[in-house]
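Report on one structure; see the data block that follows.
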2 protein chains.
Amino acid sequence: MDKKKAKKLEMRGWKIGDASDFLGLTQEESVYVDLKVALALKLRDQRKRKRLTQTALAQAIGSSQSRIAKMEAGDPTVSLDLLVKSLLTLGLTGKEIGETLIGGKNG
Amino acid sequence: MDKKKAKKLEMRGWKIGDASDFLGLTQEESVYVDLKVALALKLRDQRKRKRLTQTALAQAIGSSQSRIAKMEAGDPTVSLDLLVKSLLTLGLTGKEIGETLIGGKNG
DNA sequence: TGATTTTATGTCATATTCGACATTTCATCA
DNA sequence: TGATGAAATGTCGAATATGACATAAAATCA
């Protein structure tokens, strides 16, 4: 199992249980994934709070529905940059983004 | 002046004064830049605290001296991902990274 | 139930970011 | 002063992330 696949699987894991450390992930990799998951959850939360579809949000941030879905799923091909920019477009402040990171399960 | 150049100039600005909003930057862009600057400053701070040269840090994170320099300078070609991964390698926790974002000048 | 909307997943060409390298600028010190 | 190590800057081909698109799967509702 290659590293990318392992990450993808771990990220999917949080849907069912908690984001736990997994096969072959170093400490940093694990925390990095946790940070991404925290932002991903926040994105979905904020989108739903605003009653936007993925398609509507995609338009707002100049992206596509599939990319929003991948963001929210924690797909390994989405960057922190895109997640952060999306949250900023949804109106979050830098402070709130920092708090989101602190709130997530990360060591 | 294209947007990329404007960002680069703004990011350099913090060396002299404060990171201020600039020509043609939207609110989100401005906050995004501020977040990057906060991480960039933290990276330099942590590197110096550990008495590492840019070259030494580059080896530690599997990168190059020039990329470290660009990170610390807030160069627009460096991603949040690389900054965050670097800070994690330096031993920061997710909590500390969140606090770094909160600490920075961002609305 | 079936129709309709929303979300998930896979792929692709393009754009962006990457490490590496060369070179320049800056700082430190003998 | 010049020598030496560190940091800054520019450029490259390679690697990765991007929006777009097609389509499958799920959810919502009449």
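Please read all numbers here as calculations on a predicted model, not as lab measurements. Convention: sequence-line order gives letters A, B, ...; per-chain numbering from 1.
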With sequence neighbours left out, the residues meeting salt bridge (charged side-chain N to carboxylate O under 4.0 Å, His left out) with A:R47 are A:E72
D:dT16 C1' sits how many Å from A:D81 CG, rounded?
12 Å
Could you work out, with side chain to side chain contact (heavy atoms under 4.5 Å, CB included) as the rule, every residue matching A:R49, not counting sequence neighbours?
A:D45, A:Q46
Ignoring backbone atoms, test whether A:R47 places a side-chain nitrogen or oxygen under 4.0 Å from the OP1 or OP2 oxygen of C:dT7.
yes
Test log, rule side-chain contact (heavy atoms from CB on, under 4.5 Å), inputs A:L25 and A:Y32
CA-CA 10 Å; A:L25 290 179; A:Y32 170 76; over 6 Å; no
Output the distance between atom CG (A:L35) and atom CG (A:L83), rounded to the nearest 0.5 Å.
11.0 Å
With B:S64, which residues qualify under side-chain hydrogen bond (donor to acceptor under 3.5 Å, both in side chains), at least two apart?
B:S66
Does A:E99 have any side chain to side chain contact (heavy atoms under 4.5 Å, CB included) partners at least two apart in sequence or in another chain, and if so, which?
A:K95, A:E96, B:I102
Under 3.5 Å, side chain of A:K85 to main-chain N/O of A:I61, donor-acceptor pair present?
no
Between D:dC21 atom P and A:I68 atom CD1, what is the distance in whole Å?
15 Å
Toward the 5' end of DNA chain C, by each residue's nearest nucleotide, B:L83 or B:S66
B:L83
Proximity to the side chain of B:A69 - top-ranked nucleotide from C:dA8, D:dT9, C:dC18:
D:dT9
Does A:L90 reach the side chain of A:S86, with side-chain heavy atoms less than 4.5 Å apart?
no
In whole angstrom, give the distance that lies between atom CZ of B:R67 and atom P of D:dT11.
14 Å
Partner set under side chain to side chain contact (heavy atoms under 4.5 Å, CB included) for A:A58, not counting sequence neighbours
A:I68
Could I get a table of every N or O pair under 3.5 Å where one atom is in the protein and the other is in nucleotides 27-30 of chain C?
none

Nearest whole angstrom, please: distance from the C1' of C:dT7 to the CG of A:D75.
14 Å
Test for a donor-acceptor pair under 3.5 Å between the base of C:dG10 and the side chain of A:K70, counting only N and O atoms.
yes
So, with a heavy-atom separation below 4.0 Å from DNA chain D, the residues of residues 52-65 of chain A are A:G62, A:S63, A:S64
Five pairs at each end of the helix from C:dT1-D:dA30 to C:dA30-D:dT1: take the axis at both ends and give me the angle between them to 10°.
50°
Residues at least two apart in sequence or cross-chain that pass side chain to side chain contact (heavy atoms under 4.5 Å, CB included) with B:T100, listed by chain then number, are B:A38, B:L39, B:K42
Which part of the nucleic acid, if any, lies within contact of A:L82, taking any heavy atom under 4.0 Å across all strands shown: a base, the sugar-phosphate backbone alone, or nothing?
sugar-phosphate
What integer distance in Å separates A:R51:CZ from D:dT28:P?
13 Å
At what distance, to the nearest 0.5 angstrom, does CD of A:Q54 lie from CZ of A:R44?
6.0 Å
How about B:V31 and A:I97: do any of their side-chain heavy atoms sit closer than 4.5 Å?
no
Grab the NZ-C1' distance between A:K85 and C:dT17 for me, whole Å please.
11 Å
What is the distance, rounded to the nearest whole Å, between atom CZ of A:R44 and atom P of C:dT6?
14 Å
